[in-house]
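Contents: one structure, followed by commentary.
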Amino acid sequence: MKTSIVGYPRVGSLRELKFASEKYFRKEITETKLQKTAKALRLENLKAQKESGLDFIPSNDFSFYDGILDTAFLLNAVPKRYTSLGLSHLDTYFAAARGYQGENGDVKALAMKKWFNTNYHYMVTEIDDNTEIRLADDKPFTLYQEAQTAGVKTKPVIIGAYTFLKLARYTGKKTAADFVSDTAKAYTEILNKFDSLGAEWIQIDEPCLVMDMTADDIDIFKQLYTEILKSKGSVKLLLQTYFGDVRDCYQNICKLDFDGIALDFIEGKQSLNLIKENGFPQDKILFAGLVNGKNIWRNNYCNTLSVLSELKKSCGEIVLNTSCSLLHVPYTTKNETKLSSETLSYFAFAEEKLTELAELKEIFSSENPIENEKYIRNRQLFSAPRRGGVNPAVQEETAQLTDADFIRLPEFAEREKIQKARLKLPLFPTTTIGSFPQTAEVRANRAAFRKGEISAEQYEDFNKKQIAECVALQEKLGLDVLVHGEFERNDMVEYFGEYLDGYVFTEKAWVQSYGTRCVKPPIVWGDVSRAKPMTVKWSVYAQSLTEKPMKGMLTGPVTILNWSFPREDISLKESAYQIALAIRKEVLDLEANGISIIQVDEAALREKLPLRKSDWKKDYLDWAIPAFRLVHSGVKPETQIHTHMCYSEFADIIQDIYNMEADVITFEASRSDLTILDALKKNHFRTEVGPGVYDIHSPRVPSKEEIKTAIRKMLDRIPAEKLWVNPDCGLKTRGNAETVPSLENLVNAALEVRNENL
Ligand code: GLN
Ligand code: ZN
């Protein structure tokens, strides 16, 4: 049995590419220097892969920013506004990725979107009626040759024609169907070129095949590949799918002339069944994605081997593969100095996954697999619970939950009345989403405390001073519901993770989120519980400084879980309920300490919505929404529960958002697109709403008039007594220079519209 991976991380194990790119952006190094760093990282990856014994080594999985953007350049689908800047090739590329402002012009970046159900983001290709799809770049060939020169024969990786066309945005009249013929031609040319370079296999990534497909989609897919496969020459084509199963097109795929088909058996719940029920073409090789490319836990060899034996019954040759690119996991556990070797032995980051592939290959090929020493060692890892992983009290608590624990009483209309009477807020109450600017001082104070340079007392005194200034500022501005400013938080998930038992943290385990931005998700190690109060002290102190309501500020269980590496030994639902119970204790503590409004952020609720609509409820919403309710179902009717979401695309889950039973929801609403408000109206949405009246992602100060216009537009669609006025997200990334005048305008706009409506 041979082994393969779909792709490898590329930012460098110590984020070398990120730092070099950022230096290049600041004009501190030349392009030659940046290219040198990139090449060194690529060669390092190839070396690690080759030494591990990996059979199919990818090339062209490298990117300076994003693989879809690379494909747009490869296929000449780059908007004129970038190519006409007259910049070098690399700078044109970065202009499309990040926008450009300088001597040659002023253009915004391409739009960015979440890559399927991951935390990675890709750049959206823009295609207009004049776009001429053709082969226009040689990066994949250069990288293939670079590897060849280094003595490594690779399997070049290209984003597939279907996924490329499917994910593009069409700005003119033409649609994907109009570009099928040119795109097929370009891919044929790519294959022929690789053929002439001597490549044996080409991997074509088609993750869009795991989404719901219409008859038209299937048509486009068939047309593209019938054409492409017709003249592929002697190269072998591997159709690579990931992030799910291909239930809508399995039969079509099998009929086409691919040489290999790669399926995901980790997230593809139906993959095994599809093969069992329909068989697998004997003339093709199955690349079985059995090593999880998205999570960091060690592979369970026993399970993997049993699926492999099952597959053996229907398939000819099988290659052991990762379920998706290793881009979504960190590089290596070797750089972790704080976690014990015992803890680390449970983790497999990219490099350790290479070892797993090699071990599985050895075990599977041995006469007596279960006597293999590596197999036995792996079995031991899974035979007993992880140290610190089990907390019987937590398990009992979740086991004893009853339906009543998920129900907030009394019902909304009654709560609303009680809260209005208690809080006595004016019409269009003004508030913010929680954080205030994290100045260099604030960050330096946190860092100094972390490094032990200042005492806990000094640290707290500094934060209290910040809170006091923040409260005074909000009072001066005339905001109605105040916040403490979140100066103690590095990150909305990491902060809570550090207070929760059951979490562990890494030091260098970075994963690319987009471009040069990386995140370091915490790891859910075991049963989660609240070790001690997490925010009460800050909120109570802030409340002591004002007569106005001070909003308590927490992150919700679904967001905490979605931005962590989750456990694989219990369900996501179980983990979510455990986290919910921990946050619930904090909510009740805040309430008991006199906090009358509590916001539980679910910034990432939508992120892990399954890729297929038919799976939304049963696989996700049916536990995610109850988990949120569990957090606040225990509060008194007079305590007002807010939630916040960093997006407004929830028209399709509007009922579920309502079922969260929050009293107020704030969300992003861009000035131009208020369609979500129409949807709220149509669905008789009862929750009070604060659609952001200005965009905090830009340093621009919105004028009072502009905000008034936004509020009036909202009033066309939302009853006055339901409307809140707030920015569209937290202010932590902004400076005070723009925050103060922006909020001033916001408060004044609300005041004036209020007067018009009295
Ligand atoms: N309360 C958080 C803040 O204001 C919310 C952040 C977010 O929505 N991403 O920073
Ligand atoms: Zn937000």
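Ligands are counted one by one from 1 in listed order, and the atoms in each one are counted from 1 as well. Keep in mind that this is a model prediction, so the values were computed, not measured.
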### Heavy-atom closest pair, residues H644 and C729
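Scanning both residues, the minimum pair turns out to be NE2-SG, 3.7 Å.
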Which atom pairs, nitrogen or oxygen on both sides, join ligand 1 and the protein at under 3.5 angstrom?
residue, atom, partner, partner atom, Å
ligand 1, 1 (N), I433, O, 3.1
ligand 1, 1 (N), E486, OE2, 2.9
ligand 1, 1 (N), D601, OD2, 2.6
ligand 1, 4 (O), I433, O, 3.4
ligand 1, 4 (O), S435, N, 2.9
ligand 1, 4 (O), S435, OG, 3.1
ligand 1, 8 (O), H644, NE2, 3.0
ligand 1, 10 (O), S435, OG, 2.7
ligand 1, 10 (O), K732, NZ, 3.2

### Query
Which protein atoms of type N, O or S are found under 2.8 Å from the Zn ion (ligand 2)?
H644 NE2, C646 SG, C729 SG
### Result of checking R450, R489, R446 against E498 for salt bridge (charged side-chain N to carboxylate O under 4.0 Å, His left out)
R450
### Message
Using side chain to side chain contact (heavy atoms under 4.5 Å, CB included), reason through L674 and D678 one step at a time and then give a plain yes or no.
### Response
CA-CA 7 Å; L674 293 175; D678 296 321; 5.8 Å; no
### Message
Between K537 and E488 (salt bridge meaning N to carboxylate O under 4.0 Å), is one present in this structure?
### Response
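Not counted as a salt bridge, because no side-chain N and carboxylate O are separated by less than 4.0 Å.
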Quick check: does any side chain N or O of [X] sit under 3.5 Å from a backbone N or O of [Y], one acting as donor and the other as acceptor?
X	Y	result
T555	D601	no
R734	T739	no
Q512	G515	yes

### Query
How far apart are the C-alpha atoms of N117 and E267, what are their side-chain angles, what is the distance that settles it, and do they pass the side chain to side chain donor-acceptor pair (under 3.5 Å) test?
CA-CA 11 Å; N117 51 5; E267 286 189 280; 3.1 Å; yes
### Query
Are F462 and F449 close enough that their ring centres sit under 6.0 Å apart?
no
